[in-house]
Amino acid sequence: NNVEIANAIANDTIQFNVKLADKDAINQLDLNGKLNFINDSINLSVLPSEIIIDRAEWKIPSAFKLCYTPQGNFIINDFYLSNGEQSLSVTGIISDNEKDKLSIKAHQLSLKSFNQILKKYSIAIAGTLNANTTLAAVSGDMSLQSDLRIDDLVYNKDSIGILKFKTVQFESFEILTFRTIGWRIL
């Protein structure tokens, strides 16, 4: 509820800083960036910033870019978010073209980080996610290549164990298989 916004406008560019200013909040934001308009494209550059998620400090250590093109595509260049050993990176193109790929990588990502978002659905999860996923034609007839592993998966206090999901080329979401290792419920 306590939001601070500062900006400067010059030469078709808006430089901004957005802060969720409540220092006692579980989730906080200090986001820096530039928004500019070039040749019918909208470009957003997010500069080094900090995000507090469930009282844990996450950093965007270097700039990344988002671009919305006149063709309706989104281009994501070098998004990287980290907290110690944990990291999430995204780069690529969101479009309906099967040649356009979106790469998502997670390294040692604690699933507990998502519990603030999931609690309104009465869901609590835990575990450590490592994933290397490539999506093609994200806004069209999407296909997926993935190598995903969640260690020590817990869902609403039920211990699941290790979840592995690996596919080479997955084009139909009608068929979906998961393999679990060490399944047990306490």
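Only a predicted model underlies this, so the values are computations on that prediction, with no experimental measurement involved.
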Practice task
Taking atom CD of Gln108 as the centre, report whether more than 12 heavy atoms of other residues, nucleotides or ligands fall under 6.0 Å from it.
Solution key: yes

Completion exercise
Between Val90 and Leu102, the two heavy atoms sitting closest are CG1-CD1, 3.7 Å

Exercise for the section: Assess the side chains of Asp147 and Asn132: does a donor N or O sit below 3.5 Å from an acceptor N or O? Expected result: no

Exercise for the section: Return the orientation label for the Phe64 and Phe79 ring planes: parallel under 30°, perpendicular over 60°, tilted otherwise. Expected result: perpendicular

Practice task
Report, as yes or no, whether the 6.0 Å neighbourhood of atom CD on Glu85 holds more than 12 heavy atoms from other residues, nucleotides or ligands.
Solution key: no

Problem - Ser146 and Thr133: side chain donor to acceptor below 3.5 Å - result: yes

Exercise for the section: Report whether Ile160 and Val154 are members of the same hydrophobic cluster (ILVMFWY, side-chain heavy atoms less than 4.5 Å apart, transitive linking). Expected result: no

Practice task
Would you mind checking if Arg149 and Asp151 are paired as a salt bridge, meaning a charged N to carboxylate O distance below 4.0 Å?
Solution key: yes

Practice task
Check whether the side chains of Asn115 and Asp54 place a donor and an acceptor atom closer than 3.5 Å, and report yes or no.
Solution key: no

Practice task
Could you tell me which non-hydrogen atom of Ala63 sits nearest to which non-hydrogen atom of Pro48, and how far apart they are?
Solution key: N-CD, 4.1 Å

Problem - Neighbour count above 12 (heavy atom, 6.0 Å) for Asn156 CG - result: yes

Problem - Heavy-atom closest contact (Asp78 atom, Thr91 atom, distance) - result: N-OG1, 3.3 Å

Practice task
Report yes or no: do Ile14 and Ile38 belong to one cluster of Ile/Leu/Val/Met/Phe/Trp/Tyr joined by side chain heavy-atom distances under 4.5 Å?
Solution key: no

Problem - Hydrophobic cluster membership, Ile51 vs Leu118, 4.5 Å side-chain cutoff - result: yes

